[in-house]
Every structure is written in structure tokens, then in C-alpha cells.
There are 2 protein chains.
Amino acid sequence: MDLGPTSYVVLGMLALGPRSGYDIKQLADVSTRHFWAVSYGQIYPELRRLEGAGLVRSEDASRGTRQRTIYHLTAKGKQVFNAWVGDPAIKKLELRDEMLLKLFFADAMPRKDTARHLDAMSRRHHLLAEGLRAHEPMAANQPHRMKYEVMRFGIGLHEWCSDFYARLARDMEQGREAKR
Amino acid sequence: MDLGPTSYVVLGMLALGPRSGYDIKQLADVSTRHFWAVSYGQIYPELRRLEGAGLVRSEDASRGTRQRTIYHLTAKGKQVFNAWVGDPAIKKLELRDEMLLKLFFADAMPRKDTARHLDAMSRRHHLLAEGLRAHEPMAANQPHRMKYEVMRFGIGLHEWCSDFYARLARDMEQGREAKR
DNA sequence: TCCTTCATGTAACTAGTTACATGATTAT
DNA sequence: ATAATCATGTAACTAGTTACATGAAGGA
């Protein structure tokens with residue numbers, strides 16, 4: 001049984017407290033989403049796999065006819081999760097940005113189009129930062145410092161990107177050369 | 001025939017001049033790699049697909065028994081590529097960082113382990129920035145400004161990340177609270 | 001001689017997304 | 001009524017990685 005990062009998202013969310021697959025998805029969407037997105041198509045099968053491996057256990061929490069299954073970590077699950085968290089091994093980092101790809105090839109474009117492109121990129125990152133800031137208070141009002149810091153990382157990162165593109169757009173508009 | 005970002009990496013590299021699949025891979029590894037990685041397993045089949053669609057054309061460039069196939073853009077290929085480059089539509093941005101995931105869940109770890117973790121992350125990003133800086137002169141000594149700017153983006157981004165983690169590690173070491 | 005780079009390719013696999021299906025409950 | 005949210009799930013698909021295989025040319 002080998003576990004990938006997505007498995008640990010599931011285990012980690014359950015380490016915070018018992019919850020359903022639906023809950024895990026909602027939580028992930030407002031927390032880990034910006035650096036590790038997960039979908040239902042992964043979560044539900046993964047929960048079953050983890051249960052099969054004895055890392056989580058399910059219990060029925062249906063109210064009336066409304067079905068609901070709550071999962072919680074087993075002792076083994078907690079141990080496996082802690083081992084992963086504590087392991088300082090450097091794991092892969094992946095970035096995929098189609099806009100940046102266009103920018104890379106933008107020398108073939110008229111300057112005006114490039115400027116418009118840069119504006120769009122700057123706005124995109126600003127919006128992403130804003131989106132994160134929207135649940136900043138929520139992150140601040142809970143006792144887990146790292147969750148808050150990771151959110152600040154995301155905000156800071158996207159603001160930095162936004163500024164980079166805005167500055168480049170301005171430089172180009174003013175006909176400033178690239179300083180090499 | 002629908003083209004994904006990887007198809008455009010291939011087309012884009014050919015727009016810079018005719019080259020082989022091998023060449024495309026080498027070039028991508030020192031340029032687009034940090035925001036769009038490609039592998040042989042994608043490139044070779046993609047070249048055939050693009051040729052089938054009439055966007056590229058191949059010619060044999062074997063020297064003696066040493067085989068080599070060079071591809072170049074057709075007029076149609078150039079047109080399709082330019083249309084993509086010029087289209088300002090905002091496309092998906094994806095980040096996946098397992099270390100950040102660990103950090104997110106690090107509240108369960110002893111502070112000492114978290115500090116070690118932060119150091120490792122800071123170093124990782126510093127190394128990535130250094131790696132990019134290694135081919136900065138190459139990027140500077142060619143007439144395509146955007147390729148140089150995208151490289152500077154990568155260097156700046158990773159330096160920013162490195163600094164963020166280093167500062168956080170220092171703050172925690174000094175017992176400084178998170179400012180909320 | 002042997003190692004590295006040049007050069008091409010595929011098969012099997014892994015991970016993740018999307019679209020769809022179902023149906024109950026709660027709020028407007 | 002009806003729209004939104006709660007809740008679970010799967011099948012088909014898409015994209016990308018890894019491991020392997022082959023072999024020539026060039027440099028140490």
C-alpha cells in the first residue's frame with residue numbers, strides 16, 4: 001500500500017477530527033487547494049482504500065434517510081501520518097502555468113498584446129491573493145499556526161507574482177529595456 | 001484535433017527554428033522546465049500527431065547511419081501557434097508542493113522538526129533559483145526579451161519563497177508569535 | 001576501452017479531472 | 001415551488017511519468 005500526497009491530505013484532514021468525504025473536500029477547497037487540489041473522484045475511492053489498509057475507520061452518521069459516513073483515523077493511521085509529516089525528505093514541487101508559457105513565447109506578439117497579457121496575469125494573481133485573503137480571518141482564528149502561515153505564504157506569493165507582472169508591464173510601456 | 005499546452009511547447013520550440021524531438025527536450029529542460037516540464041514520452045508521439053494534423057513537417061537529417069529527424073512548422077502550424085500566443089484567455093495555473101502540504105499539517109510536529117523542515121524548504125528554493133541563474137547569461141544573450149523576463153520571474157519567485165521560509169524559521173526560533 | 005551524449009521510441013503505469021447520476025434537506 | 005447545499009459515488013477520459021530498449025558517435 002503506497003500513499004501519495006493526496007492520501008495524506010485525506011489523512012491530515014481526518015487527523016484534525018472525524019469527518020465525511022464531503023467535509024474533506026470542502027475543507028481542502030478553502031485551505032490546501034492553492035497548493036494541492038483534490039476532487040471527489042479521488043477522495044471517495046481513497047477513503048475506501050485507506051479503510052482497507054486499516055488507516056481509517058468509517059461509521060455511519062446518517063440522519064434519517066439522509067446518508068452520511070464519517071471517517072476517523074485509527075492508531076495505525078495516526079502513526080503513518082505522523083511519520084510522513086516528520087520526514088524532512090525533499091519531495092517534488094510542480095508548477096504548471098499556461099499563461100507563463102504564452103509569455104515565454106510572446107516575443108512573436110505585438111508589444112500591445114504582450115502588455116494586455118501582462119495585465120491579465122497581474123490581475124489574475126491579485127484575484128487569487130484576494131480569494132485567499134477572504135478566508136484569512138478564519139485561518140487566524142484557530143490555534144494551528146502553520147495553517148495560518150501557509151495561507152500567508154499563498155497570499156504573499158500571489159501578490160509577488162502580481163507585482164512582478166505589473167512592474168514588467170509598466171517598464172515595457174515606458175519603453176524601458178530589460179536590464180541584463 | 002485539440003492542442004494542449006504541451007503541444008504548444010513543441011510548436012513554440014519549432015517556431016524558434018527547425019529542430020529534432022531531442023533538441024526540443026534539451027531546450028525545454030533549460031527554459032520552460034520550471035513552469036512547464038515535458039518528457040520524451042510526450043514529445044515524440046506529439047510530433048507525429050502534429051504532423052498528422054499538418055502543423056509540422058518532418059525531414060530526415062540523418063548523418064550516415066546516425067538517425068535524426070528534424071521538424072519545422074508549416075504555414076498552418078505557424079498560424080495556429082500565433083493564434084494561441086495572442087489569445088489572452090486566462091488559463092489554469094497549477095501548483096503542487098508536497099513540502100508545503102507537510103508544513104500545513106506541521107502543527108502536530110515538535111517545533112524543532114518544523115524548523116528543520118523550514119530550513120530544507122528555504123534551501124530547496126534557493127537551489128532552484130541558483131539552478132536557473134546558471135543559465136541566466138544564456139537567456140540574456142539572445143534577442144528574445146520575454147524568454148529572459150520569464151527566467152527572471154523564476155529566479156525572483158524562488159528567491160521570494162526561500163526568503164519567506166527562512167524568515168518564518170527565524171521568527172519561530174526567536175519564539176515570535178504569528179502576527180494576525 | 002568505456003563513458004557520455006546524441007537520438008528515437010514505446011508500453012505500462014499513475015494521477016487527476018470531468019461529467020454524470022442519484023436523492024435528501026434546507027433556505028428563499 | 002425552486003434553488004442551493006448536503007452527500008455519495010462511478011466511468012470515462014486526459015495527461016503525464018517511468019522504465020525500458022536500441023544503437024551510433026565522440027571524447028577520455
Side-chain angles (χ1 to χ4, degrees), chain A residues 1-10 13-14 18-30 32-52 56 58-71 91-98 101, chain B residues 1-10 13-14 18-30 32-52 56 58-71 91-98 101:
Chain A
M1 169 92 178
D2 48 311
L3 306 174
T6 298
S7 318
Y8 291 110
V9 171
V10 171
M13 293 304 186
L14 294 181
R19 39 175 54 78
S20 67
Y22 185 84
D23 292 337
I24 291 171
K25 167 73 168 148
Q26 306 311 303
L27 230 186
D29 278 352
V30 294
T32 67
R33 155 154 251 197
H34 60 107
F35 58 93
W36 206 283
V38 289
S39 65
Y40 289 124
Q42 295 170 270
I43 292 171
Y44 287 115
E46 187 63 27
L47 281 167
R48 284 155 189 281
R49 228 170 57 94
L50 293 171
E51 181 158 37
V56 306
S58 66
E59 51 186 301
D60 185 71
S62 302
R63 293 199 308 268
T65 76
R66 167 87 156 253
Q67 98 165 306
R68 183 174 151 88
T69 308
I70 283 185
Y71 292 84
K91 293 306 186 56
K92 68 165 170 285
L93 167 68
E94 220 191 291
L95 176 63
R96 290 203 178 253
D97 185 349
E98 187 173 351
L101 201 55
Chain B
M1 170 92 179
D2 47 311
L3 306 174
T6 299
S7 318
Y8 291 110
V9 171
V10 172
M13 293 304 186
L14 295 181
R19 37 173 58 76
S20 67
Y22 185 85
D23 293 337
I24 291 171
K25 167 75 168 147
Q26 304 312 304
L27 230 184
D29 278 353
V30 295
T32 68
R33 155 155 251 197
H34 60 106
F35 58 93
W36 206 283
V38 289
S39 65
Y40 289 124
Q42 293 170 271
I43 292 171
Y44 287 116
E46 187 63 26
L47 281 167
R48 284 155 188 281
R49 229 170 57 95
L50 292 171
E51 181 159 37
V56 306
S58 66
E59 53 187 299
D60 185 71
S62 303
R63 293 200 306 268
T65 76
R66 168 88 154 251
Q67 98 165 310
R68 184 173 150 90
T69 309
I70 283 185
Y71 292 85
K91 293 306 187 56
K92 66 165 172 286
L93 166 69
E94 221 191 291
L95 175 65
R96 291 205 177 253
D97 184 352
E98 186 173 352
L101 201 55

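In the text below, chain A, chain B and the rest are named by the order of the sequence lines, each starting its count at 1.
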Shortest non-hydrogen contact from A/R19 to A/M13? NH1-O, 2.8 Å
Interatomic distance, A/S39 atom OG to A/E46 atom CD [nearest 0.5 angstrom]: 11.0 Å
With distance as the sole test, does A/K25 use its side chain to make a donor-acceptor pair with the main-chain N or O of A/V38 at under 3.5 Å? yes
Below 4.0 angstrom from OP1 or OP2 of C/dG23, is there any side-chain N or O of A/T65? no
Please name the residue in the list A/I70, A/L47, A/L50 that meets the side-chain contact (heavy atoms from CB on, under 4.5 Å) test with A/L14. A/L47
Determine yes or no for a side-chain-to-main-chain donor-acceptor pair under 3.5 angstrom, with A/E51 supplying the side chain and A/S58 the backbone. yes
Summarise how protein sits on nucleotides 4-18 of chain C as a single string, 5' to 3': B when a protein heavy atom is under 4.0 Å from the base, S for sugar-phosphate-only contact, - for no contact. -SBBBB------SBB
